[in-house]
Amino acid sequence: MEVRDYNLASGWFPPERSDARARGYCELLESGQILFFRDLPFHFPAGDREFLLAQKWTESRLHKNVSYRPSEDVLRGVPGNSETVHRLHSIMRNYSAQVIEFLGAFLSPYAGRWILDFASFRPLEEDGRALPLHKRNDLLHVDAFPSRPTRGGRILRVFTNLNPAKPRVWRTTGPFETLAGRYAQDAGLRKIANESFLSRTAENWGARLGLRAARTPYDTFMLRFHDYLKENAEFQANSPKSLLEFPPLATWIVFTDGVAHAAMSGQYAMEQTFLIPREALAAPQHSPYRILENIAGRSLVS
Ligand SMILES: O=C(O)CCC(=O)C(=O)O
Ligand SMILES: [Fe+2]
């Protein structure tokens, strides 16, 4: 795992910006690198940041995080309808718009081709958080969302550490190819790949009725793999680990479906997720669906 530092004295933007260069960034990300900005690469008003840090946040009042859906302009995870909630809503709306604009320029080959997913605000200290096993952030895992199958597309996330004093600390482990080579069959890849069309049809009933997008065997496997990795004490204990410290106000971009990660400590982070469809990938040979198809010996996304 390698982290690229974009701490350019003149600002975040590459001097000779071009589509070829942006494509290079897409390829680096897709191959499992994390792109890192020491300073904010988009506008985030100091007053908004101070407001977020000044509120009282407790586990019981939150639905894991505060979430915001840019495509519907809906805020979730905070009860009530107070002035505070309205302010929070407008901060999330602005933050999300800023990140979308920044990423549309920085990763121009994806712009307009992605599916906008949720943004989140993470106001609770990650160290010592008492969450059920499958929801724990401090166990290494790859991301997969039960309600948003990607059908082979990828999960791209932009994080910003809003904490003015403390880093956000992550652990990562080796490349997806190594992880999948070692654990995919044990996690049940063969069975999922061989599932009959009929049982998949039944599983996708809801999708056919228009309730949600249809899951492919790839999506089913990735959900299983997320849980499997968190449940696997041997993997958690013995996998090679790198410790990454993202300093105050740093921003990092990462495909979290390919880079196994765990958040060990840190409080106050913002995050925006983008789903990059298969057709928009710059280096599909590095994508988890292709790596898993090579292991399974058959298509997992049709
Ligand atoms: O909040 C973080 O830093 C990452 C937590 C995580 O793994 C996730 O939200 O999928
Ligand atoms: Fe995650």
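Computed from a prediction, not measured in an experiment: that's the story for all the values here. Ligands are counted one by one from 1 in listed order, and the atoms in each one are counted from 1 as well.
A salt bridge links Arg122 with Glu271: the distance from a Lys NZ or Arg NE/NH1/NH2 to an Asp or Glu carboxylate oxygen falls below 4.0 Å. The existence of a salt bridge linking Glu234 and Arg182 is confirmed by a sub-4.0 Å separation between a basic side-chain nitrogen and an acidic carboxylate oxygen. With respect to Arg23 and Glu27, a salt bridge is recorded, a charged nitrogen being found less than 4.0 Å from a carboxylate O. Salt bridge absent: Glu177 and Arg290 never bring a charged side-chain N and a carboxylate O closer than 4.0 Å.
Counting only heavy atoms of the protein, atom 1 (O) of ligand 1 lies nearest to Arg122 NH1, 2.7 Å. Summary of contacts: the protein heavy atom closest to atom 8 (C) of ligand 1 is Arg157 NH1, 3.5 Å.
Neither the backbone nor the side chain of Glu271 has any atom closer than 4.0 Å to an atom of ligand 1 (non-hydrogen atoms only).
Angle NE2(His141) to the Fe ion (ligand 2) to NE2(His261), rounded to 10°: 90°.
Considering both main-chain and side-chain atoms, Trp252 never comes within under 3.5 Å of ligand 1 through any nitrogen or oxygen pair. Of the polar atoms of Glu126, none of the N or O atoms is found under 3.5 Å from an N or O of ligand 1, judged by distance alone.
For ligand 1, the atoms lying closer than 4.0 Å to a non-hydrogen atom of Asp143 are 10 (O). Near Ala263, meaning under 4.0 Å from one of its heavy atoms, ligand 1 places the atoms 2 (C), 3 (O), 4 (C).
Minimum-distance N/O/S atom of Asp143 relative to the Fe ion (ligand 2): OD1.
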* To do: Before giving the answer on side-chain hydrogen bond (donor to acceptor under 3.5 Å, both in side chains), spell out for Ser265 and Asp127 the whole-Å C-alpha distance, their side-chain angles and the decisive distance to 0.1 Å.
  => CA-CA 4 Å; Ser265 68; Asp127 184 16; 5.8 Å; no
* Give the C-alpha distance, both sets of side-chain angles, the deciding distance and a yes or no for side-chain hydrogen bond (donor to acceptor under 3.5 Å, both in side chains) between Asn94 and His43. => CA-CA 9 Å; Asn94 280 329; His43 184 58; over 6 Å; no
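Under a cut-off of 6.0 angstrom, the local environment of CZ in Arg87 is crowded, with over 12 non-hydrogen atoms contributed by other residues, nucleotides or ligands.
In this structure, Asn137 has a heavy atom closer than 4.0 Å to ligand 1.
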